[in-house]
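Order of the sequence lines fixes the chain letters, A, B, ..., with proteins taken first and strands second; residue numbering starts at 1 for each chain. Every value quoted in this text rests on a predicted model; they were computed, and no experiment measured them.
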Amino acid sequence: MLIFLLRRLMQACFVMIIISVISFAIQDKLGDPVQQMVGMTVSQQERNQIREELGLNDSFFLQYWRFAKGVVHGDLGTSYYYKEPTLDVILEKLPATLELAICAIILVILVATPCGVLAAIKPKHILSRLLMIVSSIGLSVPIFIIAILMVYIFSIEMNLAPSFGRGETTKVFGLWESGIFTKDGLKHLLLPSLSLAIALMPIFVRLIRAEMMEVLQSEYIRFAWSKGLSSRRIYFKHALKNTMLPVITVGGIQAGTLVAYTILTETIFQWPGMGFLFMDAVSRVDTPLISAYLIVVGGIFVITNTLVDLIYGLVNPTVRLASHGL
Amino acid sequence: MKIKVILACCLTLLLWNTATATTLKMAFDADPISLDPHEQLSEGTLQFSHLVFDPLLRWKQDGKFEPRLATRWERIDNKTMRFYLRHNVTFRTGNPFTAKDVVYTIERLKTSPDFRAMFNTIESASIVDQYTVDVHSTYTNPLLLNIMTYVFPMDKVFYQGRDQIIKYGETFASRNVSGTGPFIITERELGSRMELKRNPNYWDTKSAGNIDKIILTPIRADSTRLAALLSGDVDFIFPVSPIDIERTKRIKGINLVTLPSTRILLLHMNQKRRKEFQDIRVRKAINLAINQALIVDKILKGYAIPAGQLSADRFLGHINDLKPEYDLKKALELMKEAGYEKGFRISMMTPNNRYMNDEKVAQAITAMLSKIHITVDLKTLPKAQYFKEFNNQSADIMMLGWQSDTMDSNNLFEFIIACPDAKTGLGAYNASQYCRPSIDNDIRQANREMNPERRIRLMQRIERTIYNDAAIVPLYWQSLIWAAKDKVKIQDIVNDQNYPHLGDLFIEE
């Protein structure tokens, strides 16, 4: 186990180094940061001087070396726009994104599970068929169309929820700016989290349905029926439990999609989270911030993957990880 | 008993009414990048300067000057102009506003990388007495007043000693602010929110403005911004995308205001990259093949003015009879004469998120040029990448939009038409590589010419030469489009430079 852990950590470090090199290498392709900092009439000479001061004229290796040295000390660079350490800027926006993502996940769990189960138990039922049709439409409609439609229906036409922003926030424990404890904040959370949830839901409904149908065919369910257990007990206790295992695994993989979707949702709803920050940084050519974001998100991925692997090992010791070629 | 209750209710209502503040919630596409008014010469910064600071003088909607912190001015001699300052004005900190602040601000502007280009024609500013300042220019400068609209006096006592301007680092001035303007910043979250409240000590008590509080949210996406207005979450937005205009107009309670701006959109035909463009017949043919009126009508939905020259009609260089021409037959003949009957292949680059519908305009131009057998390889880029390519002159035809900082034609000529010269900075945006020493001469002269008649003649001569040479392809002056709720009277405070004078904005209760 220990060997596995060490190997996994080394692997993680290696992946992070590659992510950092790539995110650093693309900086040059994103545009000229100095162009964004100065007015049109500033002469080429002055621009060059700023480039020089920022060290943008140095070779790629020198720049990367400087950057890597900083990273080792926990310094991911300073944002050109915010003029603060990039890590601080990102962490400041993290709560907003987390709240959005968690709300969406809760919505997905609450809605997708019963829908999936229903579609599996009564596949011929009109409601199940409708669910399947809606979910396949949902799979193919891009999230921004869903989001724009929601804004149109719920904020412009019906005036039920605000169309952008995070609303009123309160400080929790002195460090977490949260919107979920105020009425205004909750109202603002409604549309973005709903559209994020709608984007993620179809795949889970279909997955739960497929898994559940398979489980319902298995021996032990038949045995449970013959034993005369109530259908509720069979469906929701015995069958659902086994259905959820693969669903959770897929859910872990879907974390990537979630990150991508938060970028889109936050841009549309002007949600002041990490994804919005990232899109803003791209348009401002705030290269240190872009690199830092990619590294932070990359780090989150690597950590989750490592944890998932570890948990697998713990849950099912027969998966002999150390000799698994990892 | 009943009467008492009713009375109490009325009283609360009355008090309630006086207690509610008039709040303006606005969503613009950008917010100022810094609280330092001298860090970047951009629309966002100048809009902010008009809120928190106050200029010596400013442009009125009719294109005339309006005294603000300077109550009047007079010319002392060829190079000196005297400004008389307003009395009893205080900064946010409570420090009194005097001549020393004006001198300090002008000196600081001269050190700002972005403003230096404009202010290096000002030799110095000197204090005459507490409320009088003399501004000395290096040579007789006809545009001195235009330049002085950029002087937003800063609190010397507050800033001095910690006033450096750094573009990429935190400075005192980028985080702290003390101005004399109609509003005071109360809260700021960079890139997502700015809150201001009315300055209780603002000198202009005659102003119709009745806003107590402003909440500015920068919203970059056109559709989100419009949705925010339509759902009632904000009261005032800029800009409105042309495709949304018709829809917005139909909605009750929304007021759309448009003004033609002086920003000119144009195409540069690089004569260094392509020998074909050295032939005036080819350049003329391209000019004739592009139908500006159609572009404006179909793509910009009429929210622009087709251009046949660089100077907008409020500029001195404007010539009324220079109209955009469209004549395909003549264009084809010219191409034939020049020996390019079969046409040729060129590259073209334009931004796709900088100007109104820029990408669609570029596509239309590609189609128009194909009619005279010029095949265009079009590449459109986001502005962050585009201007890097523009500086490298990476394509044969490049699009550029230019707004004159001084509201004067000569600024256009200096940057777009003059022979490129890295040392003087002239022709910095001349991606045509067009060069005519006689124009450079006229530009220099116009910079010093105090006689308005002679100055007009000089600049019109330049404009005529550019036209006859078909040096560039002028496209159109794009309009500025704002939208607000009906009760927000924006039509009185917006202007063609897009620095809305929000201090004077009146909102009906």
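- In this structure, chain A has no heavy atom under 4.5 Å from any part of B/P382.
- In this structure, a donor-acceptor pair under 3.5 Å is absent between the side chains of A/D32 and B/Q385.
- In terms of heavy-atom pairs under 4.5 Å with chain A, the best-connected choice from B/K383, B/K423, B/R175 is B/R175.
- Of the atoms belonging to B/F115, not a single heavy atom falls under 4.5 Å from chain A.
- Closest heavy-atom contact between A/S283 and B/R220: OG-NH1, 3.2 Å.
- Contact detail for B/R116 and A/E46: the closest heavy-atom pair is NH1-OE2, 2.8 Å.
- Proximity of a side-chain donor or acceptor of A/E157 to a complementary backbone N or O of B/S231 within less than 3.5 Å is not detected.
- If you measure heavy-atom distances from B/F387 to chain A, the contacts under 4.5 Å come from both the backbone and the side chain.
- For the options B/L41, B/L230, B/N353, B/L229, heavy-atom pairs under 4.5 Å to chain A are most numerous at B/L230.
- Looking at A/Y80, its side chain never comes within 3.5 Å of a backbone N or O of B/G169 through a donor-acceptor pair.
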- Message: The test is side-chain contact (heavy atoms from CB on, under 4.5 Å); show your working for A/E53 and B/Y168 and say whether it passes.
- Response: CA-CA 10 Å; A/E53 283 166 22; B/Y168 44 83; 2.5 Å; yes
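- Of the atoms belonging to B/L400, it is side-chain heavy atoms, and not backbone ones, that fall under 4.5 Å from chain A.
- Heavy-atom distances place no part of B/T45 under 4.5 Å from chain A, backbone and side chain included.
- When A/G39, A/S43, A/P272 are compared by the number of non-hydrogen pairs under 4.5 Å with chain B, A/G39 comes out ahead.
- For B/S42, no part lies near chain A; criterion is any non-hydrogen pair under 4.5 Å.
- When heavy atoms are compared at a cutoff of 4.5 Å, B/I166 approaches chain A solely by way of its backbone atoms N, CA, C and O.
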- Message: Between B/E39 and A/M37, does the side-chain contact (heavy atoms from CB on, under 4.5 Å) criterion hold? Intermediate values first, please.
- Response: CA-CA 9 Å; B/E39 194 174 307; A/M37 285 180 209; over 6 Å; no
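- Minimum heavy-atom separation, A/T41 to B/A117: O-CB, 4.1 Å.
- With a 4.5 Å cut-off on non-hydrogen atoms, B/S174 touches chain A through its side chain but not through its backbone.
- For chain A, the option among B/T224, B/L190, B/D405 with the highest count of heavy-atom pairs below 4.5 Å is B/L190.
- Comparing B/Q403, B/E414, B/K388, B/E189 by heavy-atom pairs within less than 4.5 Å of chain A, the highest count is held by B/K388.
- Interface residue A/S155: backbone and side-chain heavy atoms are both found under 4.5 Å from chain B.
- Proximity to chain A is limited to the side chain of B/N391, based on heavy atoms less than 4.5 angstrom apart.
- No other option in B/T217, B/I33, B/I219 has as many heavy-atom pairs under 4.5 Å with chain A as B/I219.
- Nearest heavy atoms, B/Q40 versus A/V38: NE2-N, 3.6 Å.
- Nearest heavy-atom pair, B/A228 versus A/S163, reported as atom, atom and distance to 0.1 Å: CA-OG, 3.3 Å.
- Contacts between B/R225 and chain A at a heavy-atom distance below 4.5 Å are absent for every atom of the residue.
- Of the charged side-chain nitrogens involved, none lies within less than 4.0 Å of a carboxylate oxygen, so that B/E389 and A/K29 do not count as a salt-bridged pair.
- Between B/A384 and A/V282 the shortest heavy-atom distance is CB-O, 4.4 Å.
- In terms of heavy-atom pairs under 4.5 Å with chain A, the best-connected choice from B/A27, B/G425, B/G191, B/S34 is B/G191.
- In this structure, chain A has no heavy atom under 4.5 Å from any part of B/R193.
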